Amino acid sequence: MPEIKKSEKELSTVYSPAQVENKWYPIWEKSGAYKPAENGNDSFTLMIPPPNVTGILHMGHVLNISIQDVLVRRARMLGKSTLWLPGMDHASIATEAKVTKMLKEDGINKREIGREEFLNHAWKWKEKYGGIIFQQLKKLGASCDWDREKFTMDADYSKAVMKVFVQLYNDGLIYRGERIINWDPQGQTALSEEEVIHKDTKGHLWHFRYPLSDGSAHLVVATTRPETMLGDTGVAVNPKDDRYTDLVGKTVLLPIVNREIPIFADDYVDMDFGTGCVKVTPAHDTNDFEMGERNNLDIINIFHPDASLNENVPKDYVGLDRFEARKKVVEAIETLGFLEKIEDYEHSVGHSERTDAVVEPYLSKQWFVKMQPLAEPALEVVKDGKVKIYPERWVKTYNHWLENIKDWCISRQLWWGHRIPVWYKGDKIYCGLVEPEEDGWVQDPDVLDTWFSSWLWPFATLGWPEKTEDLKKFYPTQDLVTGPDIIFFWVARMIMAGLYFCKEIPFSNVYFTGIIRDKQGRKMSKSLGNSPDPLDLFEKYGADAVRVSILMIAPQGLDILFSEERLEQGRNFMNKLWNSARFIRMNLDEGPLEKLSNLDDEKLDSTDRWILSRLNNVIEEVDKAYSEYKMNEAIKKVYDFTRADFCDWYIEFAKTRFYGDDVEDRKTAQIVSVHIMRIILKLLHPYCPFITEELWESFKKPEEKLLISETWPLSDSKWINNDVEQDVQILMDVISAVRNIRASLNVSPAKEADLSIRGNENMCDSLCKNENYLQRLAKLNDIQFGENIAKPPQSATAVVKGLEIFVPLAGLIDINKEVERLEKQIQDMEGRLNAVTRKLDNQNFVERAPEDVITHERNKMQNYQDDLTKLQENLNSLQN
RNA sequence: GGGCGGCUAGCUCAGUUGGUUAGAGCGCCACGUUGACAUCGUGGAGGUCACAAGUUCAAAUCUUGUGUCGCUCACCA
């Protein structure tokens with residue numbers, strides 16, 4: 001136990017986190033605590049969801065990382081060989097956009113300087129600005145093993161990516177195909193389905209007349225994107241549509257372009273929508289492309305990669321941006337007299353996840369991963385519970401995606417990333433880890449989707465495909481903590497990759513956090529400016545307080561409405577913790593303190609037994625909460641225990657002993673206080689590592705070192721004692737009742753009063769033993785106990801669990817007020833009694849409810865009845 | 001259109017397998033500087049658990065339906 005020197009006894013009255021929080025991080029790091037223990041029993045591995053190299057810390061990270069740090073720190077304390085591996089991904093599109101923009105500002109054009117030169121700039125940028133977020137994570141206290149930090153473009157990691165591509169290619173799971181893909185005209189690259197965000201958008205439905213080539217009539221088509229008509233190569237109708245059977249096989253003369261295009265029949269067309277005629281643009285719509293293939297239509301691409309019009313449209317339109325072209329087409333159609341009508345129309349429009357540009361369906365040659373064979377095993381492992389998902393409802397989403405999976409477009413027309421390991425020579429294709437030796441081979445210019453590297457994260461970070469020690473020891477990992485927004489992008493794909501390349505699940509538990517929103521429920525975003533800078537918050541409240549607050553308000557997997565005031569709860573709690581520790585320390589005698597386990601059991605009084613019983617219950621509850629990934633519940637339990645049980649009651653009880661003359665008893669109170677404090681610090685350490693480590697200094701034994709490396713407390717059932725808990729509960733209830741009387745009768749808390757307690761012998765005995773606590777906490781003078789105590793004249797009364805308590809307040813008591821008080825209590829009691837009586841009067845209840853429930857209700861009724869009688873007697877005596 | 005989720009105190013949310021007249025934090029009211037803490041303490045007020053029907057001896061909790069807000073998936077031009 002700690003050895004106290006008088007000079008060291010004082011801690012400041014208000015906790016100021018700044019100093020403490022800067023102090024401990026390097027000490028922990030130097031101590032080697034972040035490294036997995038060589039001889040830990042089990043291993044516990046957690047891979048950080050790699051933030052973007054361009055990323056800076058936001059509130060979402062704070063939640064995410066805090067949860068991970070809690071799990072990691074606890075695992076470490078449980079004695080596991082714990083690895084939390086940090087790293088980041090290269091974020092192809094975002095980084096390339098950023099670097100391109102930076103170069104542009106310096107008057108440098110990316111195309112002009114060429115690939116190699118551009119990459120030089122990009123790497124320089126990465127070295128300079130990349131990974132700022134890691135410095136920020138350290139401020140938050142994240143206890144990652146920084147020596148193992150990974151970047152998806154590290155040499156060894158890149159090797160893994162290449163190896164995976166080649167293997168999948170050789171296994172026939174990667175192919176090149178010409179398809180309609182999602183094109184981001186701003187980033188000028190293809191995207192996967194998942195990178196397209198559909199937004200409901202108010203637009204129009206334009207109805208155009210297309211005249212038949214023979215001039216006999218016209219038909220009407222509708223479109224939300226008029227500019228695409230320049231690429232129309234057909235008009236489709238449903239084969240069963242009687243209205244148009246005559247027209248099938250004829251042609252229309254496409255306005256503006258004056259191209260003759262066929263009218264054909266295809267089942268895809270919905271007869272009931274619009275006019276039942278569909279203009280078909282095979283190069284710019286997925287469905288149109290499919291119809292085009294079925295019906296042998298021409299395919300005319302009308303866009304440049306930047307979505308301006310190319311040479312395949314009439315001269316006046318070449319070079320126009322698609323939205324300008326839209327206007328111009330509508331005008332022209334109107335001028336030609338072919339505009340039937342314009343309707344307001346709300347439909348969903350795809351936007352690029354990264355650049356927010358409206359995505360263009362675009363025909364091009366890209367590389368794809370065949371997903372079906374990978375999806376099936378991934379479905380299995382979740383179905384049979386090998387991989388558990390918390391909260392469970394996400395399983396449905398996961399399954400739905402995998403059951404309807406589409407092939408994954410993985411090529412990106414960018415430079416920053418892993419270049420596709422494929423070379424072409426004429427018609428020949430070569431895919432391999434090394435460049436072909438003969439001359440004339442040209443490498444594919446494209447790079448791979450960033451997710452094509454991060455889906456390997458759980459094992460490529462450990463050195464795969466080499467059979468490293470780390471890989472053996474730490475794969476498969478245990479937990480994954482991330483947001484549900486990347487369930488498809490990342491989580492599902494990691495499961496596929498883990499199973500395919502390592503033949504093992506990558507992790508056993510997936511914990512999805514909620515999304516942090518602002519007070520009004522809006523997502524936090526830079527453009528709204530509603531996202532506070534976490535570093536400011538750390539400075540203002542302390543990182544510990546931010547962690548604690550956010551974890552307390554974060555229900556499992558539900559969104560969190562964040563506002564700064566909510567951090568006060570955490571800050572106040574940290575201050576409370578600080579002061580309770582300070583107080584205990586202040587009251588320790590000089591010299592070493594005995595261990596609780598060495599203490600003679602006899603010396604413990606009922607409040608000691610009570611707090612020890614509560615403590616061990618709490619440890620158990622906390623462990624249970626962890627096992628269900630209810631981190632908010634775990635902290636809540638410790639919070640309540642610390643504040644209510646320990647500070648409000650135990651310490652208050654202990655004061656009588658700290659200041660009393662009984663040296664032995666004082667020692668006992670000190671020993672128990674310190675014991676409880678030490679365990680509180682341990683239980684809290686994962687949530688608020690800095691302050692607990694700082695306070696640990698004061699409470700650790702000489703042979704102990706850092707709290708971060710301490711052991712997790714075990715609940716010991718020998719301390720759990722329901723009788724003691726009940727006894728002390730009555731004591732507390734009596735104290736509360738007296739306080740209530742004083743408060744409602746406006747009796748100054750400073751004024752001492754007497755107390756008489758009438759009740760059965762057992763209860764009186766137990767209270768009598770705790771007389772000193774009653775006296776002190778309820779501010780009482782003389783106390784009388786007994787079965788036959790008479791009610792003193794002019795006393796206020798209350799009934800507590802069958803006990804009658806009388807506070808004689810001659811001269812102080814306002815009869816009217818006391819009558820009011822009692823009447824209220826009587827009313828309350830009558831309400832209870834009524835409810836119970838109704839239940840017991842119900843024949844069906846008595847016949848059908850389980851025995852113990854009925855007994856329970858009968859006891860309740862009896863107690864209520866007794867209490868009510870007493871209250872009424874007291875009221876009567878007052879009124880006479 | 002499909003799927004999922006929220007709806008409980010003025011606000012933000014807890015509430016295990018149905019079984020005390022439903023809890024916390026913040027806010028509010030009253031009192032208080034009682035030898036840790038005013039980032040505090042004590043006491044108090046405040047709820048038809050969105051609505052409706054059903055199952056049950058018993059429903060905030062289970063079922064169905066409705067409303068509402070949000071998320072997500074979806075090729076109807």
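Just so it is clear, the model here is predicted, and its values are computed rather than measured.
Protein atom NZ of A/Lys199 is 16 Å distant from nucleotide atom P of B/A74, rounded to whole Å. If you measure from atom CG of A/Asn632 to atom P of B/U12, you get 18 Å, rounded to the nearest angstrom. The CZ-P distance, from A/Phe583 to B/U34, rounds to 13 Å in whole Å. Spacing between atom CZ of A/Arg832 and atom P of B/U20 amounts to 12 Å, rounded to whole angstrom units. Nucleotide B/U20 holds its P atom 9 Å from the OH atom of A/Tyr864, rounded to whole Å. In this structure, the CD atom of A/Gln729 is 17 Å from the P atom of B/U20, given to the nearest Å. Going from atom CG of A/Asn740 over to atom P of B/G41 covers 19 Å, rounded to whole Å. Taking atom CG of A/Asn587 as the reference point, atom C1' of B/C37 lies 13 Å away to the nearest angstrom.
With respect to the salt-bridge test (charged N to carboxylate O, under 4.0 angstrom), the residues A/Asp733 and A/Lys801 qualify. Under a 4.0 Å N-O distance rule, the pair A/Arg225/A/Glu360 qualifies as a salt bridge. Using a 4.0 Å cut-off between charged nitrogen and carboxylate oxygen, A/Lys824 and A/Glu820 do not count as a salt-bridge pair.
At the phosphate of B/G70, neither OP1 nor OP2 sits under 4.0 Å from any side-chain N or O atom of A/Arg517. For B/G35, neither phosphate oxygen OP1 nor OP2 lies less than 4.0 angstrom from any side-chain nitrogen or oxygen of A/Lys655. Within the structure, every side-chain polar atom (N or O) of A/Asn287 is placed at least 4.0 Å from both OP1 and OP2 of B/A77. Between A/Tyr659 and B/A36, a side-chain N or O to OP1/OP2 separation shorter than 4.0 Å is present. Within the structure, a side-chain polar atom (N or O) of A/Lys576 is placed less than 4.0 Å from OP1 or OP2 of B/G41. Proximity of A/Lys396 to the phosphate of B/C4: a side-chain N or O atom is located under 4.0 Å from OP1 or OP2. The side chain of A/Lys636 contributes no N or O atom lying less than 4.0 Å from OP1 or OP2 of B/G23. Remark: A/Tyr345 is in phosphate contact with B/A77, judged by side-chain N or O atoms under 4.0 Å from OP1 or OP2.
A/Ala835 comes within 4.0 angstrom of no nucleic acid atom, judged by non-hydrogen atoms across all strands. Heavy atoms of A/Asp270 sit under 4.0 angstrom from at least one base atom. Across all strands, A/Gly276 comes closer than 4.0 Å to base atoms (heavy-atom distances).
Closest approach of A/Glu194 to A/Phe489, counting heavy atoms only: O-CZ, 3.0 Å.
Comparing the P positions of B/A60 and B/U8 gives an interatomic distance of 15 Å, to the nearest angstrom. Taking atom C1' in both B/U20 and B/U39, one finds a spacing of 35 Å when rounded to whole Å. Spacing between B/C69 and B/U48 at atom C1', rounded to whole Å, works out to 22 Å. B/G46 sits 23 Å from B/G6 when the C1' atoms are compared, rounded to a whole Å. Using C1' as the reference atom, B/A59 and B/U16 are 16 Å apart when rounded to the nearest Å. The separation of B/A30 from B/G19, taken at their C1' atoms, amounts to 37 Å, rounded to a whole angstrom. Using C1' as the reference atom, B/G43 and B/A52 are 41 Å apart when rounded to the nearest Å. With C1' as the reference atom, B/G15 and B/G47 are 14 Å apart, rounded to whole Å.
Side chain to side chain, A/Asp266 and A/Asn295 meet the donor-acceptor criterion of an N or O pair below 3.5 Å.
Partner assigned to B/G10 is B/C26, using Watson-Crick or G-U wobble distances below 3.5 angstrom.
The listed nucleotides are B/G43, B/U16, B/U39; the one nearest the side chain of A/Ala743 is B/G43.
Between A/Phe646 and A/Tyr650, the two ring planes are parallel [angle under 30°; tilted spans 30° to 60°].
Figure legend: cation-pi geometry between A/Lys636 and A/Phe641 absent, as NZ or CZ is not positioned both under 6.0 Å from the six-membered ring centre and within 45° of its axis.
Each of A/Lys624 and A/Ser748 was matched to the nucleotide of RNA chain B holding its nearest heavy atom; the match closer to the 5' end belongs to A/Lys624. The residue among A/Lys406 and A/Asn575 whose nearest nucleotide of RNA chain B lies closer to the 5′ end is A/Asn575.
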